[in-house]
Amino acid sequence: MRTTFDTISKGSNYYEQSNNKFIEVFNSKGLTGEYIVFNKLNKLPGYKRIIVNSYLPCGNGKFTEVDLILIHETGIYCIESKNYGGTIQGHEKWNYWNQRFFNGDEFQFYNPLMQNEGHIRHLKPLISKKYDVEIHSVIVFSDRSNISNVKLISNKAIVTNHKNFISRISECLVHKISKLSTEDVDKIYNELSKYANVTKEEKLRHIKNC
């Protein structure tokens, strides 16, 4: 039977970007979901750069972790990966969403839209105002989850799963005019990449959600 890990290659650029070892990704559902999204982003048309696991300063010595940042000629896409299973029930305005499994187990987790709003709030000051660029919020669940019960009342964000991720992002790109040159994309990447690839010691010492 083909599994998620059949497509994982030790030579992937993901490992260079994230500093995560193959075995760490293999043994972590969260990192596996992140890896899947990273590889799908590489298939998008247009000039782009991708940053994995950035730790953005949010004051008082605290940092907030962003799973993936896509810097594309049409804008910047802040991506939160939720490699969850089960049935997901949520609403744009709820503080917490629900995860329910067939055996009756239920869990709550913080609204990922609100979580990503915080990421974007701390990302904006790090991007020079000379770039006229939008920052888009994208939440990606695994194909093991049913997200039909997630209710959005605005078009401020994309909530999708792995199998529909590329088509949903591509739809978004079609309706946007390119505002960033290849040089702009590279410059923003170089500015933001300094917040990625922190050591495990730094993660343990500094990373606190804010």
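We're numbering straight along the sequence, starting at 1.
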Going through the checks in order, is the side-chain contact (heavy atoms from CB on, under 4.5 Å) test met by W97 and Y110? CA-CA 6 Å; W97 290 9; Y110 185 55; over 6 Å; no
With the side chain counted from C-beta on, respond yes when [X] and [Y] share a heavy-atom pair under 4.5 Å apart, and no when they do not.
X    : Y    : answer
F141 : I88  : yes
K179 : T74  : no
V138 : F165 : yes
I158 : I139 : no
K48  : I71  : no
L123 : I69  : yes
N83  : H162 : yes
Q89  : V150 : no

Looking only at atom types and distance, does a side-chain atom of [X] sit under 3.5 Å from a main-chain N or O of [Y], one as donor and one as acceptor?
X    : Y    : value
D143 : K163 : yes
H72  : P45  : yes
N98  : G90  : no
S145 : I147 : no
N111 : W94  : yes
E106 : Q99  : no
S128 : K130 : yes

If you group Ile, Leu, Val, Met, Phe, Trp and Tyr by side-chain heavy-atom gaps below 4.5 Å, do [X] and [Y] land in one group?
X    : Y    : value
I135 : V159 : no
L192 : I120 : yes
V37  : L173 : yes

Give the C-alpha distance, both sets of side-chain angles, the deciding distance and a yes or no for side-chain contact (heavy atoms from CB on, under 4.5 Å) between S170 and L44. CA-CA 7 Å; S170 297; L44 283 173; 3.7 Å; yes
Any chance the side chains of N190 and S193 put a donor and an acceptor closer than 3.5 Å?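 No - no donor-acceptor pair under 3.5 Å links their side chains.
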With a 3.5 Å cut-off and no angle check, do the side chains of S137 and E117 form a donor-acceptor pair?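 Looking only at side-chain atoms, E117 and S137 do not form any donor-acceptor pair under 3.5 Å.
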Are D105 and R100 ion-paired here, with the side-chain N under 4.0 Å from a carboxylate O?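 The answer is no: the pair does not qualify as a salt bridge.
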Does the gap between the ring centers of Y84 and F109 come in under 6.0 Å?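 Y84 vs F109: aromatic centres under 6.0 Å.
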Test side-chain contact (heavy atoms from CB on, under 4.5 Å) on T64 and Y55 and set out the steps. CA-CA 5 Å; T64 188; Y55 297 85; over 6 Å; no
Y77: which residues meet the ring pair (Phe, Tyr, Trp, His ring centres under 6.0 Å) condition with it, sequence neighbours left out?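 Here the qualifying residues are H136.
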